[in-house]
Amino acid sequence: MRIATIYNAGRHSKVGPAKNIARLYSNQELFLENGVELLGPFVPDQGIDDLQSYEKSTGFKVKQLVKRAMRATKFGTLALLRATQIRLSRMALDEYQEETQDDVDLIVFRDFITAHEYLRAGGKKPYVLVMHNDGTPDMFFAASSYAKLGKGWTRKKLDGWFEEVFEKASGFLFLSDEARCRFKSRYPTIDCVTGTYHQGLEKPSAVDPLSEIEADGTVFVSVGTVCERKNQRGIIEAFSRIGDSDSVLVIVGEGEDLPFCQELSKEAGLEDRVVFTGSLENVGDALSVSDVFVSASFDEGVPNAAVEAMSYGLPLILTDVGSCAMLLENENGILIEPDIDQLRGAMSSMTERPSLRTECGARSLELYEKSYGVDGMCREHCDMYVRTLRAVQGA
């Protein structure tokens, strides 16, 4: 069975779905053992050889400022959608067509825009859509991306795209049973093959642990794109209120909200206690010197960074969004609402009760080793592909 993955993120993208695809394709032998040949992955080639250098360039910073300005209006956001998501989807599809001439048995789409562009171009192959969020399309309209399109005629237009992609899909793969249930409750008439998978991750390496992190108190770490949706602003504000002058907050990542967060930490007098590392090639360099992982996202699926933190035995503080709750099923952290006071309380608990950190950290590692291995994730994907093709072929 020839199965192709198509996704509209660049070759060097560090977003969760791109990392997930890389892990699947690094285990192609497992798929071949089950009669599945993986083709691709087919992604847009943006001509970027070194992502870290590019993110530090003036050109990249100017682009981020332009994008931020465009997101301030509905028409600007719509133009941005066409210039980024749709353009990159078409580039990925061009790569796919050039190499395969659409001669595959099944396509795996990792975003709905690319699937919609494939249908617009007359594509007829059966496809599986992998859902990276909470089982609904709401994440697309999150604050850091296309919030301005979430109301009025643009929302109606995009909802039409969602429904067309959903109705013609042969299968859906979700991050949790909860996400699958949410999807089915919103789209009860859609009836096709569904499945779930665990976000399998290798423990990230710690090549050069951050030597500048020196603290007599608790070291909190947040990892992810620095943006409004991930809400590093809220983490900084809560951190400023915990009343422990020995604690340190490490923020790993780049993004359009980074300058604001840096200024916010200065205004709060936290220059010496909030460390901004930028992007790290080895996120283990930060996780290995940290005590607690914290996320205050307004919207998530199952965050890769939290799973990676579990591999280092870190307790988790997560907001109750998407499928984050399943990462705390072993009582290995604290689940909160996206609220500053609750976040402050959770962080304070971790600083005031060392035994809580130790117990939750041990449970995190236990859960990671039990459920979040890469082989298991690959088998879950393989099983989904085979079941979908059997259903399509009437076998």
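The analysis underlying the following values was restricted to heavy atoms, covering all of them including side chains, and did not include hydrogens, waters or symmetry mates.
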Checklist entry - Which is it for Arg155 and Asp138 under the salt bridge (charged side-chain N to carboxylate O under 4.0 Å, His left out) test, yes or no, and what are the steps along the way? => result CA-CA 11 Å; Arg155 178 63 187 251; Asp138 293 345; 3.6 Å; yes
Next on the checklist: With salt bridge (charged side-chain N to carboxylate O under 4.0 Å, His left out) as the criterion, how do Glu237 and Arg233 come out once you've worked through the C-alpha distance, each side chain's angles and the decisive distance to 0.1 Å?
Outcome noted: CA-CA 6 Å; Glu237 184 175 348; Arg233 300 181 181 193; over 6 Å; no
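- Here the shortest heavy-atom pairing between Glu117 and Ser89 reads CG-CB, 4.1 Å.
- For the pair Glu366 (side chain) and Asn330 (backbone), a donor-acceptor distance under 3.5 Å is absent.
- Heavy atoms only, all atoms of each residue included: Leu88 and Asn8 are closest at CB-O, 3.5 Å.
- Other residues, nucleotides and ligands contribute only 12 or fewer heavy atoms inside 6.0 Å of the CD atom of Glu98.
- Ring centroids of Phe166 and Phe172 are separated by less than 6.0 Å, placing the two rings close together.
- In terms of the salt bridge (charged side-chain N to carboxylate O under 4.0 Å, His left out) criterion, Glu267 has no residue partners (sequence neighbours excluded).
- Heavy atoms of other residues, nucleotides or ligands lying less than 6.0 angstrom from CD of Glu29 number 12 at most.
- Looking at Asp383 and Arg379, no side-chain N of the basic residue comes within less than 4.0 Å of a carboxylate O on the acidic one, giving no salt bridge.
- For Asn332 (side chain) and Leu327 (main-chain N/O), a donor-acceptor pair under 3.5 Å exists by modelled atom type.
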Next on the checklist: Evaluate Gln262 against Phe276 for side chain to side chain contact (heavy atoms under 4.5 Å, CB included), listing each step before the verdict.
Outcome noted: CA-CA 8 Å; Gln262 290 172 324; Phe276 295 91; 3.8 Å; yes
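- Side-chain atoms of Arg229 and Ser297 include no donor-acceptor pair closer than 3.5 Å.
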Next on the checklist: Does Val219 form a side chain to side chain contact (heavy atoms under 4.5 Å, CB included) with Ile213? I'd like the steps, not just the answer.
Outcome noted: CA-CA 8 Å; Val219 178; Ile213 307 303; 3.9 Å; yes
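- Taking 4.0 Å as the cut-off between side-chain N and carboxylate O, Arg90 and Asp94 do not count as a salt-bridged pair.
- Note that the CD atom of Glu271 and the OG atom of Ser265 stand 6.5 Å from one another [nearest 0.5 Å].
- Here Glu178 pairs with Arg182 in a salt bridge; the nearest charged N to carboxylate O distance falls below 4.0 Å.
- Leu129 CG to Phe183 CZ: the interatomic distance, rounded to the nearest 0.5 Å, is 8.0 Å.
- The same ILVMFWY cluster, assembled from side-chain heavy atoms under 4.5 Å apart, contains both Phe220 and Leu343.
- The two residues Met377 and Gly200 make their nearest non-hydrogen contact at SD-N, 3.3 Å.
- Counting heavy atoms from C-beta on, the side chains of Thr196 and Arg180 come closer than 4.5 Å.
- The hydrophobic clustering, which links ILVMFWY residues whose side-chain heavy atoms are closer than 4.5 Å, places Phe293 and Val302 together.
- Here the straight-line distance linking atom CG of Leu318 with atom CD of Glu300 works out to 8.5 Å at 0.5 Å rounding.
- Between Phe141 and Tyr146, the ring center distance fails the sub-6.0 Å criterion.
- Salt bridge status for Asp257 with Arg68: present, with a side-chain N to carboxylate O gap under 4.0 Å.
- Annotation: Tyr312 is not in aromatic contact with Tyr368 [ring centroid separation under 6.0 Å not met].
- Side-chain heavy atoms closer than 4.5 Å link hydrophobic residues (I, L, V, M, F, W, Y) into clusters, and following such links, possibly through other members, connects Val226 to Val294.
- The line from CE of Met326 to CD of Gln199 is 9.5 Å long, rounded to the nearest 0.5 Å.
- Annotation: the span from Ile235 atom CD1 to Ser222 atom OG amounts to 3.5 Å, rounded to 0.5 Å.
- Nearest heavy-atom pair, Ala215 versus Val248, reported as atom, atom and distance to 0.1 Å: CB-CG2, 3.4 Å.
- Looking only at side-chain heavy atoms (C-beta outward), Val275 and Leu249 stay at 4.5 Å or farther from each other.
- No side-chain donor-acceptor contact under 3.5 Å links Ser170 to the backbone of Thr388.
- A salt bridge is defined here as a Lys NZ or Arg NE, NH1 or NH2 lying under 4.0 Å from an Asp or Glu carboxylate O, and Glu256 with Arg71 meets this definition.
- Residues Met1 and Glu37 are not in side-chain contact: their nearest non-hydrogen atoms beyond the backbone lie 4.5 Å or more apart.
- Considering only heavy atoms from C-beta on, Glu228 stays 4.5 Å or farther from Phe260 through its side chain.
- Below 30°, between 30° and 60°, or above 60°: for His116 and Trp161 the angle between ring planes is below 30°, a parallel geometry.
- One hydrophobic cluster holds both Leu258 and Leu270 under the rule that ILVMFWY side chains link at heavy-atom gaps under 4.5 Å.
- The backbone N or O of Ser247 sits less than 3.5 Å from a side-chain atom of Arg273, completing a donor-acceptor pair.
- Between the side chains of Arg110 and Thr5, no donor-acceptor pair of N or O atoms lies under 3.5 Å.
- Proximity of a side-chain donor or acceptor of Asp246 to a complementary backbone N or O of Asp216 within less than 3.5 Å is not detected.
- For the side-chain contact (heavy atoms from CB on, under 4.5 Å) with Ile6, the qualifying choice from Val108, Val43, Ile107, Leu39 is Ile107, the only one to do so.
- The closest donor-acceptor contact from the side chain of Lys168 to the backbone of Glu163 lies at 3.5 Å or more, if one exists at all.
- One hydrophobic cluster, built from ILVMFWY side chains closer than 4.5 Å, cannot hold both Leu367 and Leu356; they sit in different ones.
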Item to check | Ile317/Met347 under side chain to side chain contact (heavy atoms under 4.5 Å, CB included): CA gap, chis, key distance, verdict | outcome: CA-CA 8 Å; Ile317 297 175; Met347 295 175 79; 3.9 Å; yes
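- Side-chain atoms of Thr154 never come within 3.5 Å of backbone atoms of Gly150 as a donor-acceptor pair (strictly under, hydrogens ignored).
- Aromatic ring centres of Tyr7 and Phe109: separated by at least 6.0 Å.
- Using a 4.5 Å heavy-atom cutoff, the side chains of Ile21 and Tyr25 are in contact.
- Between the side chain of Asn27 and the backbone N or O of Leu30 there is no donor-acceptor pair closer than 3.5 Å.
- Contact of the Arg241 side chain with the Asp341 side chain is registered, since non-hydrogen atoms from C-beta on lie closer than 4.5 Å.
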Next on the checklist: Let's go through Asp339 and Arg344 carefully: what are the C-alpha distance in whole Å and the side-chain angles of both, what is the deciding distance for salt bridge (charged side-chain N to carboxylate O under 4.0 Å, His left out) to 0.1 Å, and is it a yes or a no?
Outcome noted: CA-CA 9 Å; Asp339 174 82; Arg344 179 203 58 76; over 6 Å; no
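- Under the 3.5 Å distance criterion, the side-chain polar atoms of Arg2 are left unmatched by any main-chain donor or acceptor of Thr100.
- Asn231 places a side-chain N or O within donor-acceptor distance of the main-chain N or O of Gly234, the cut-off being under 3.5 Å.
- With rounding to the nearest 0.5 Å, the separation of CZ in Phe42 from CD in Gln97 is 10.0 Å.
- Of all heavy-atom pairs spanning Val165 and Tyr127, the tightest one is O-OH, 2.6 Å.
- No side-chain heavy atom of Phe239 sits under 4.5 Å from any side-chain heavy atom of Ile251.
- Using a 4.0 Å cut-off between charged side-chain N and carboxylate O, Asp177 and Lys184 make no salt bridge.
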